[in-house]
Structures are given as C-alpha cells and as structure tokens.
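Presented below is the structure to which this report refers.
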Amino acid sequence: MANPPQALRGMRDFLPERMILRHHVIGVFRRVFERYGFAPLDTPAVEYADTLEGKYGEEADKLIYKFEDRGGRQVGLRYDLTVPLARVVALYPELPKPFKRYQIAPVWRAERPQKGRYREFWQCDVDTVGTSSMLADAEILAVLHDALVQLGFRNFVMRLNNRKLLKGLSAYAGVPEGEEASVLRSVDKLDKIGEVGVRTELLEKGFAATVVDRLFDLLAPGEGDDVLARLRVPLADNPDAQQGIAELEQVREYLGALGVPETAYRIDLAMVRGLDYYTGPIFETVVEEPRIGSITGGGRYDHLVGIFSGRDIPAVGSTLGLERIVDVMEALGLFPEEKTRTQVLVTLFDADTTPEALRLATELRGAGVRAEVYLGEKGGLKRQLAYANNQGIPWVALLGPDEIARGEVTLRDMRDGTQQAVPRAQVADRLKSAPSG
RNA sequence: GUGAGUGUCGCCUAGCGGCUAAGGCGCCAGACUGUGGAUCUGGAGAUCGGGGGUUCGAAUCCCCUCACUCACCCCA
C-alpha cells in the first residue's frame with residue numbers, strides 16, 4: 001500500500017474536533033486580552049534572519065528555522081512573537097505609547113519534538129511597550145491569571161523572579177564575571193534535580209565550593225518566609241539586587257488590587273528564564289498534574305527594541321502556550337464535549353422535496369442557527385440519521401411531503417430520540433432556545 | 001545535536017523462525033424500503049514502515065533507512 005505523505009516532523013494537522021478546542025481557548029484569550037485594552041497585531045511568519053539572530057542566546061539561535069529565499073535572502077521563521085513585536089515597535093515610532101497588543105500566531109523551533117513540545121506551535125502573547133511602570137508587569141500577570149481562570153484552571157502557580165535580583169545574587173555569591181548564565185542554568189533545575197543535584201552540577205562545572213555555598217545561603221527556602229524581606233539585608237550593598245527586590249515588591253503590591261489572590265503566585269528565586277532579552281521581572285506558570293513544563297512564560301525586556309532602533313523602549317509581556325494549554329485541559333477534562341458546531345441537520349427526503357429542505361436551511365441560517373444540509377450522494381433517512389449521530393449533531397429536521405403539506409417540520413432530538421412536529425415559523429426559535437445552543 | 005524504545009488492516013492490539021497473519025473498534029450490507037445510537041447475521045479491508053541480508057523457510061534474527069515516542073540540551 002502506498003504511504004500517503006506525512007506532515008513534517010513536529011508539525012501537526014488539526015482535525016475539526018481539535019480545532020474546536022483550540023478555537024475555544026483562543027476565543028477566551030481574545031476576550032480577556034481585549035477586556036484589558038490590548039489590541040490585535042499580526043506580523044509575517046518569515047523574517048530576515050538578521051532580525052531573529054542574536055536575540056535569544058547562543059543555544060536558541062541554533063533552533064531558528066533558517067533558509068535562503070528565491071532572491072538569495074537569508075530568512076527565518078519567527079522563533080517567538082516578542083522579537084517581531086520589538087521590530088514593529090522600532091519600525092513604527094508613531095505608535096502611541098504605552099502600546100498594548102496581543103498576538104495569537106504560530107512560531108517555529110527546529111528542535112526535536114517531545115512531550116508538550118512541537119516544531120510548529122502557537123503562542124498567545126500579551127505585551128505592553130513603552131512604560132517602565134511595574135503597573136504594566138502586574139497587569140500582565142493579572143491577564144494571565146484571568147485567562148487561565150476563565151478556561152477553568154484552578155490549581156496553578158505563577159512563579160515570579162527578577163533578572164536584576166539574580167544578577168545581584170550571582171555577584172553576592174562571587175560568581176566570576178561572564179559565568180552567571182551557566183550558574184543560573186543549573187539553579188533553574190532546582191525543582192527538578194534538587195539542591196544536591198544542583199550543587200553537584202555546579203561543582204562539576206568547576207565553581208568553587210564557597211561560591212556554591214553562598215548561593216544556597218540565599219536560595220534556601222524557609223517555611224512561609226518572605227523571600228524579599230529576607231534578602232534585603234544580605235544584598236544591601238548591591239544596587240541591582242535592591243532594584244530587583246523593589247520591582248518585585250511593587251508588583252506584589254499591585255497584584256492584590258488587581259484581583260490576583262496570593263495563592264496564585266510565588267516568588268521563586270530558582271526560576272530563571274532562558275531567553276537572553278529579559279532584564280527585570282520574569283514570570284512563568286507551571287502546572288503539576290500533567291508534567292508538561294511551563295504553560296506561560298514572559299518577563300520584562302527593556303533593551304530589545306533598542307537593538308532595532310538604537311533607542312531603548314521598555315517593554316514587558318508574556319506568552320501563553322496554546323498547545324500545552326490544550327494538552328493540559330484535555331488531560332484535566334476541562335473541555336465541554338463538542339464534536340461539531342452544527343446545531344441541526346436538515347435531512348433530504350427525495351428529489352421533489354429537496355428545494356423545500358434547502359429553503360428551510362436558508363431560513364434557519366438567516367435566523368442565526370448553524371444548520372447543515374445532508375450532502376451525501378446516497379440518501380435514505382437511516383444514513384442521514386446515522387451521520388447526525390456520528391457527528392454529534394444534536395437536532396435533525398425532517399420534512400417530507402406530510403410535513404410540507406401541513407407547513408410543519410419534524411424536529412428530532414438525537415439525544416433521547418424524541419421528535420415533535422413544529423410549525424415551520426417556530427423551528428428557528430425552538431432550536432435557538434434548545435439547551436445545546 | 002546526543003541517547004534509548006517502538007513501527008502488524010482506517011484505529012487499538014495478538015502473533016516473537018514453520019499451516020491461507022488472529023481479535024476488538026470502526027466501515028459496508030441485511031434482519032428493519034420516512035428514523036440513528038442497542039442486538040444478531042454476513043462482508044470488504046494487511047505484499048507485517050521501507051530497503052538489503054541470514055535461513056530450506058522471516059512479521060519474528062542481523063544491517064541500513066525513514067517515521068513516531070521518551071529522555072538530555074533548551075523551552076510554550
């Protein structure tokens with residue numbers, strides 16, 4: 001048997017049933033984003049390679065899909081939605097600030113697919129550009145919280161940290177200049193491999209035992225302690241750390257008023273983020289149940305726009321990972337069952353009555369009912385009902401000569417098999433008031 | 001990019017050197033010619049991912065290749 005062509009590795013087809021789930025999630029996100037005043041934006045999937053390269057860090061650069069186009073230009077598929085946003089902000093200085101935008105679109109990464117990781121996947125980004133106020137950072141977190149709650153998530157924790165604080169922490173521990181990234185990468189694994197694992201890894205990397213000890217002096221989590229308060233004294237003479245602490249304190253202050261409960265976030269010194277461009281607060285959300293990594297990730301990036309325009313414009317934002325969120329929601333059973341969007345199948349009785357059935361479908365659509373006419377070449381009521389049943393279409397409209405003569409339509413409820421003759425003029429209203437709308 | 005595991009009808013799975021590769025789901029037809037989802041009966045559908053090799057004989061063993069999955073790296 002001939003093997004039909006497959007989708008590329010790590011890239012997937014989304015059949016209707018799955019698209020309905022995705023649209024549900026995207027719909028919730030759009031509503032929430034717009035409720036906070038974020039405006040829609042879209043950018044090309046392909047960018048000049050120069051635009052993308054050197055923004056994410058050495059490792060990540062290798063994961064950019066790059067190729068040469070017909071004109072010999074070096075181009076790449078966008079790696080995230082943040083860099084294209086920075087490019088847009090640099091290119092259109094007239095955009096009024098603060099500029100608040102959201103973007104829901106696919107991005108590409110040339111890495112090996114794995115659980116919860118694809119080569120083509122959708123990100124849902126919200127960002128505020130043009131303000132250094134921690135109000136913007138707090139608002140981003142409030143939006144994330146709101147969006148996840150709207151979807152039905154209950155047990156999730158947004159982890160907060162701050163790059164400036166991490167920088168101060170490294171300095172305090174005596175990490176040599178230029179080695180911070182390597183240290184932080186190990187620290188990031190704390191919840192995965194534990195303190196012993198991180199210590200071992202750092203020692204193997206060649207860091208002095210005193211450095212590792214000093215690092216853990218401050219990382220050590222005390223029961224219910226206020227992390228920021230605890231750090232203020234030891235890091236008193238480090239301006240970076242003080243700034244980072246102050247930023248987080250301000251964010252924390254605003255979150256309450258924005259309706260984000262204290263249980264929904266946690267300051268976590270061991271949370272680092274890989275991408276190079278973050279400069280201040282950083283955030284991510286992890287869920288425990290299906291271990292799938294983070295479902296959101298973001299932070300402040302005050303110098304990214306400046307790389308493009310020569311003039312820094314502060315910005316902060318976050319991504320919600322669509323595929324991971326859909327995967328998690330599916331595992332948690334957070335989706336309403338919905339195989340089809342069709343509300344009613346209009347059946348065809350025979351060639352003579354077909355025009356009347358088409359007219360009925362047209363009437364229903366005009367009234368806002370999602371109505372489908374059976375299009376199969378082989379007719380037969382049996383086949384048409386089986387089709388409705390398989391598709392999960394909740395209602396079937398039957399109109400043969402009897403109904404037409406009486407000016408009625410027989411409406412069959414596919415769930416319990418009951419049916420009832422309804423005057424033609426009332427069919428749409430009846431369907432619209434039906435429980436499964 | 002590195003390592004490990006798995007590829008058998010559309011889907012899930014049995015078979016692990018030897019009769020025409022077995023079963024479930026789904027599909028098709030009928031019992032039921034204005035009526036689905038239950039039940040029963042019958043039917044179609046697989047050169048066992050692809051290529052090469054070992055053997056009298058390969059879905060079963062070996063090599064190569066492709067795909068998928070998982071882990072590392074990194075991340076949504």
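Chain naming here is simple, since letters A, B, ... match the order of the sequence lines and numbering starts at 1 in each. As the structure is a computational prediction, the values presented were derived from the model and not from experiment.
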At under 4.0 Å between heavy atoms, what does [X] touch on the DNA or RNA strands: base, sugar-phosphate, or nothing?
X       : answer
Q419(A) : base
G417(A) : base
D402(A) : base

Do NZ/NE/NH1/NH2 and the carboxylate oxygens of [X] and [Y] come within less than 4.0 Å?
X       : Y       : result
E363(A) : R424(A) : yes
K55(A)  : D61(A)  : no
E179(A) : K205(A) : no
E284(A) : R159(A) : yes
E323(A) : R22(A)  : yes
E330(A) : R18(A)  : yes
E180(A) : K167(A) : no
R185(A) : E59(A)  : no

Nearest listed nucleotide, side chain of K382(A), among A67(B), C32(B), C28(B):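 My answer, after comparing the listed nucleotides, is C32(B).
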To the nearest angstrom, how far is [X] atom [atom1] from [N] atom [atom2]?
X       : N      : atom1 : atom2 : value
L381(A) : G36(B) : CG    : C1'   : 10 Å
Y65(A)  : G1(B)  : OH    : C1'   : 13 Å
F349(A) : U35(B) : CZ    : P     : 9 Å
D350(A) : U35(B) : CG    : P     : 13 Å
L8(A)   : A67(B) : CG    : P     : 9 Å
Q384(A) : U33(B) : CD    : P     : 16 Å
Y387(A) : G36(B) : OH    : C1'   : 14 Å

Determine the Euclidean distance between corresponding [atom1] atoms of [M] and [N]; express it in Å to zero decimal places.
N      : M      : atom1 : value
C19(B) : A59(B) : P     : 10 Å
C9(B)  : A21(B) : C1'   : 11 Å
C25(B) : U41(B) : P     : 12 Å
G45(B) : G10(B) : C1'   : 9 Å
A76(B) : C63(B) : C1'   : 39 Å
C70(B) : U54(B) : C1'   : 32 Å
G57(B) : G17(B) : C1'   : 8 Å
G49(B) : C16(B) : P     : 16 Å

Side chain to side chain donor-acceptor pair (under 3.5 Å) between Q419(A) and T410(A), worked out: CA-CA 7 Å; Q419(A) 57 187 44; T410(A) 296; 5.5 Å; no
Can a donor-acceptor pair under 3.5 Å be found between the side-chain atoms of [X] and the base atoms of [N]?
X       : N      : answer
N389(A) : G37(B) : no
E403(A) : G34(B) : yes
R415(A) : G37(B) : no

Side-chain donor/acceptor of R119(A) to backbone N/O of P113(A), under 3.5 Å: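 Not at all, since once roles are kept as given, no pair shorter than 3.5 Å links the two residues.
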Contact letters for nucleotides 70-76 of chain B, in which S counts primed atoms plus P, OP1 and OP2 and B counts the base, heavy atoms under 4.0 Å: SBBBBBB
Watson-Crick or G-U stems of RNA chain B, 3 or more pairs, under 3.5 Å, by first number: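 Stems found: B:1-7 with B:66-72, B:10-13 with B:22-25, B:27-31 with B:39-43, B:49-53 with B:61-65.
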RNA chain B: 5'-proximal contact among L398(A) and M11(A) (nearest heavy atom):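 Result: L398(A).
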Verdict with supporting geometry, T51(A) and F308(A), side chain to side chain contact (heavy atoms under 4.5 Å, CB included): CA-CA 8 Å; T51(A) 303; F308(A) 293 118; 3.8 Å; yes
